[in-house]
Visitor: 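One structure follows; several queries about it will come next.
Numbers restart at 1 for each chain; the letters A, B, ... are given by sequence-line order, proteins then strands. FYI, side chains are in, hydrogens and waters are out, and symmetry mates aren't considered; it's all heavy atoms of this structure.
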2 protein chains.
Amino acid sequence: MNDSRPIRAKSGTNHEGTSAHNRRVMIDALRINGALSRADLARATWLTKQTVSNIIVELEHDGLVGPQEAVRKGRGQPSTPYGLVPEGAFAIGLQIDRHVTRAVAVDLVGSVLVREEAGLPPGGPSTGTKVILDLVAGVRSKLAGVVRQSEKRLVGLGVAMPGPFGVDGSGDDPWMMAAWQQFPLLETLAAGTGLDVGLQNDAAAAATAERMVGAAHGLDHAVCLFVGYGIGAGLILNGELYGGANGNAGEIGMALLFADGKSTPLEHRASLASLYQHLSLDPADPALHARIDDLLSRNDRGIQAWIEAAAADLRWSIHLIETVFDPQTVILCGSAPEALVERLIAAIGPLLPSIAERRGRTLPRLQPGMADPWSVALGAAAGPISRAFDPRFAAILKDSL
Amino acid sequence: MNDSRPIRAKSGTNHEGTSAHNRRVMIDALRINGALSRADLARATWLTKQTVSNIIVELEHDGLVGPQEAVRKGRGQPSTPYGLVPEGAFAIGLQIDRHVTRAVAVDLVGSVLVREEAGLPPGGPSTGTKVILDLVAGVRSKLAGVVRQSEKRLVGLGVAMPGPFGVDGSGDDPWMMAAWQQFPLLETLAAGTGLDVGLQNDAAAAATAERMVGAAHGLDHAVCLFVGYGIGAGLILNGELYGGANGNAGEIGMALLFADGKSTPLEHRASLASLYQHLSLDPADPALHARIDDLLSRNDRGIQAWIEAAAADLRWSIHLIETVFDPQTVILCGSAPEALVERLIAAIGPLLPSIAERRGRTLPRLQPGMADPWSVALGAAAGPISRAFDPRFAAILKDSL
DNA sequence: CTTATTAAGTCAAATGTATTGACTTAATAG
DNA sequence: CTATTAAGTCAATACATTTGACTTAATAAG
């Protein structure tokens with residue numbers, strides 16, 4: 001008689017969900033358009049003037065938005081634009097990479113206020129956890145020194161590290177990131193910091209950053225192709241980061257290419273790891289970026305050869321991304337020297353034909369994104385901000401508390 | 001002073017949006033789990049018993065759900081399960097293919113009640129429009145003969161045809177589907193039928209069908225690889241069909257493969273069109289499927305060779321889909337003879353390694369889906385049903401009326 | 001300079017949904 | 001036979017948006 005297979009259903013919603021959504025819509029509108037009057041917000045969101053006024057009062061009370069000077073524009077009472085208050089919220093972003101870990105503190109509009117990095121000793125979580133917790137604590141206290149009350153307005157800690165997560169036999173990475181995969185990182189960090197902790201792979205983090213302050217700002221369908229030690233794609237679909245069933249969507253580094261009868265993961269051909277190997281560079285060298293910049297400026301043959309080979313693979317990856325996702329634009333970014341990304345983009349063009357070729361395009365098919373060692377940490381921090389303030393289906397539902 | 005670049009913002013929501021969502025959640029829960037008591041619904045949806053009762057009263061009044069016999073299960077008052085009423089809603093689905101057009105009428109639970117097909121004369125829309133409108137009218141009147149009041153409960157007309165839509169230079173298809181692309185089909189059909197009309201490519205339609213009554217039932221992350229005259233992928237992401245920025249997401253037929261230094265669209269190698277060409281079959285032959293079944297049963301060498309070549313490309317496509325989307329499962333379906341799909345699946349296995357290999361998998365990585373000439377028309381009809389009754393973010397918003 | 005017009009924004013009452021807590025109904029366990 | 005458990009209802013309440021009238025403050029027109 002115990003017929004208890006669990007019942008699967010989506011969550012319902014109620015007034016609080018409605019209100020939460022409308023607040024997020026306001027914040028989103030101000031983020032995309034800059035400061036807006038309440039009348040403009042009402043028109044844009046389909047809500048009534050009264051509702052908008054009520055919500056703005058609340059948001060102002062919460063310190064998230066503030067009025068600017070009244071604007072006269074033609075007849076009628078001047079409007080009072082409201083804009084986001086950068087100090088309205090903060091988040092900590094943490095990047096855990098192979099040899100280094102970086103932490104940043106960002107505010108509501110995505111400005112980086114504090115940044116710190118530390119070398120990550122080999123040995124995995126056993127030795128690394130303390131380094132990381134100290135780094136986060138350091139950034140936090142520095143932030144508290146820069147702005148008062150920052151602790152109260154801290155919405156969470158976002159972590160970015162190379163994926164994929166939870167996959168069998170991902171131990172073929174010679175580096176010991178595998179050890180981190182086993183380790184209960186989120187729980188440890190949550191316990192050690194008292195913050196809400198979220199996890200993304202680094203391509204997803206890069207995409208989150210591009211959406212908040214970069215080339216994907218205001219876009220609902222964009223793919224960030226991220227060239228780092230590995231390679232991955234961060235997916236913005238329907239205005240939200242898409243993670244797939246297990247958070248591993250976009251992990252294209254493991255995609256197998258077939259050429260000359262052999263199969264190779266994309267990662268082995270188009271990633272900084274492959275560049276380092278190609279040029280016999282030491283990934284742990286602190287002057288790595290300077291060294292690469294030097295090679296680029298000297299038009300070194302070795303790096304040029306790598307760029308051309310990688311560009312061919314990237315050209316095809318972009319073609320596939322366009323074909324599969326039909327995005328508004330593709331953004332090429334990376335934790336690589338900016339000059340390298342520029343050279344890659346130059347070498348990639350012209351793009352392969354695809355469904356992205358359509359009349360009335362306004363955005364370029366391929367755009368450069370951030371190429372900055374700190375962009376992943378920024379994206380990691382953007383995660384909690386986005387989760388707390390961007391309109392999302394899940395935020396309406398009762399089971400999101 | 002005219003600073004009027006348009007303001008971009010997402011729509012807000014209100015009580016009606018809440019209510020609409022909760023109704024959809026109920027219907028969805030009953031679709032996935034079968035009949036449920038109001039108490040079960042309340043627990044599963046996080047709503048209160050009272051709210052669920054109120055909504056069920058409304059849905060029953062609207063003829064969408066109905067009570068079943070009370071069930072005693074242990075102590076306490078017996079529960080009254082409510083289930084979907086199949087006759088609660090209907091939709092017409094229309095498939096426009098190269099040589100043929102098919103129309104079906106389906107009910108709320110996805111049962112096909114009426115089906116009719118007609119040959120599509122060459123000449124494109126100028127001659128085809130009348131054939132199509134007659135076919136739809138025929139199905140509609142047959143439906144009215146089978147169930148009373150069907151017209152009142154008709155939620156729309158869903159159209160499926162080969163994509164992609166609105167792309168430059170899609171005229172390299174020798175067949176004249178291009179002419180259909182230019183034609184204002186939706187407007188013509190809306191005017192000619194008085195129904196709401198929606199459009200999908202045929203892979204998306206197949207995915208919609210699989211989600212309503214097939215292998216993707218109850219799944220929120222699934223990809224349907226659809227082998228038809230062309231090849232495409234229908235994407236179920238976050239429980240909704242994903243169309244991309246322009247409705248062309250998943251149009252992988254145009255994906256270029258590189259082998260032997262040449263590039264070929266996937267469609268030229270793994271699609272029925274390629275099979276027909278390989279075997280010199282006439283795509284317009286009405287006995288095509290029987291002929292293929294015959295070749296299969298005779299283990300014909302030519303078809304065997306095609307199967308092995310196509311399977312290699314499909315194996316790699318599935319690998320790529322798993323890598324990029326991280327779905328719960330991949331479904332292989334098609335408007336091909338069922339035996340052919342079975343043989344393809346057999347020839348595809350074993351799958352390439354990918355991030356889909358993880359501990360705790362419950363679903364197979366690859367599953368067979370519908371292989372039925374009518375599945376696209378069914379999916380076309382499932383479109384309006386899904387749009388009307390499935391929980392979706394857009395359905396909450398004010399700008400969805 | 002005066003008046004009409006336009007637009008932003010507020011006020012107070014009304015509306016629509018979900019929630020709350022007490023209550024009723026109806027079964028089984030002991 | 002009684003206690004217990006669970007489904008479901010009733011009536012009042014809470015919460016967020018909406019409505020329509022009103023106020024404020026500017027420019028345009030005569």
Visitor: I'd like to know if B/Arg43 and B/Asp40 make a salt bridge, using a cut-off of under 4.0 Å between side-chain N and carboxylate O.
Guide: yes

Visitor: Under 4.0 Å from OP1 or OP2 of D/dA16: is there any side-chain N or O of A/Asn22 that close?
Guide: no

Visitor: Mind checking B/Ser19 for me? I need base, sugar-phosphate or nothing, with any heavy atom below 4.0 Å counting as a touch.
Guide: sugar-phosphate

Visitor: Mark yes or no for whether A/Arg140, through its side chain, and A/Ser150, through its backbone, hold a donor-acceptor pair below 3.5 Å.
Guide: no

Visitor: Dump the pairs, protein N or O against N or O of nucleotides 28-30 of chain D, anything under 3.5 Å, distances to one decimal.
Guide:
from   : atom 1 : to      : atom 2 : distance (Å)
D/dA28 : O4'    : A/Arg75 : NE     : 3.0
D/dA28 : O4'    : A/Arg75 : NH2    : 2.6

Visitor: Where the side chain of B/Thr13 meets the backbone of B/Ile396, is there a donor-acceptor pair that is under 3.5 Å apart?
Guide: yes

Visitor: For the pair B/Tyr242 and A/His221, name the ring-plane relationship: parallel under 30°, tilted 30 to 60°, perpendicular over 60°.
Guide: tilted

Visitor: Heavy atoms only, 4.0 Å cut-off, all strands: where does A/Ser79 land among base, sugar-phosphate and nothing?
Guide: sugar-phosphate

Visitor: Determine the interplanar angle of the B/Phe325 and A/Phe325 rings, folded into 0 to 90°, and report it as parallel if under 30°, tilted if 30 to 60°, perpendicular if over 60°.
Guide: tilted

Visitor: Do the charged groups of B/Asp196 and B/Arg387 touch, with an N to O distance under 4.0 Å?
Guide: no

Visitor: Can you find a pair of side-chain heavy atoms, one from B/Val25 and one from B/His21, that are under 4.5 Å apart?
Guide: yes

Visitor: For a 4.0 angstrom threshold against heavy atoms of chain B, report the outermost contacting nucleotides of DNA chain C in 5' to 3' order.
Guide: C/dG16 to C/dA29

Visitor: Using the closest heavy atom to pick a nucleotide of DNA chain C for each, name whichever of A/Ser53 or A/Thr13 lands nearer the 5' end.
Guide: A/Ser53

Visitor: Hey, which of these two, A/His15 or A/Pro78, hits DNA chain C nearer its 5' end, going by closest nucleotide?
Guide: A/Pro78

Visitor: Starting at the 5' end of DNA chain D, which residue's closest nucleotide do you reach first, A/Thr51 or B/Tyr82?
Guide: B/Tyr82

Visitor: Does any non-hydrogen side-chain atom of B/Thr329 lie less than 4.5 Å from one of B/Glu210?
Guide: no

Visitor: So, the side chain of B/Ser11 versus the backbone of A/Trp46: is there a donor-acceptor pair under 3.5 Å, distance only?
Guide: no

Visitor: Is any side-chain N or O of A/Asn14 closer than 4.0 Å to OP1 or OP2 of D/dC15?
Guide: no

Visitor: Output yes when A/Lys398 and A/Glu16 qualify as a salt bridge under the 4.0 Å nitrogen-oxygen rule, no when they do not.
Guide: no

Visitor: Rounding to a whole Å, what distance do you find between A/Glu16:CD and D/dT17:C1'?
Guide: 15 Å

Visitor: Taking only heavy atoms on the protein side, list every residue of residues 29-50 of chain B lying under 4.0 Å from any atom of DNA chain D, sorted numerically.
Guide: B/Ser37, B/Arg38, B/Ala39, B/Arg43, B/Lys49, B/Gln50

Visitor: Have a look at A/Lys10 and tell me which of B/Asp220, B/Asn22, B/Asp390 forms a side chain to side chain donor-acceptor pair (under 3.5 Å) with it.
Guide: B/Asp220

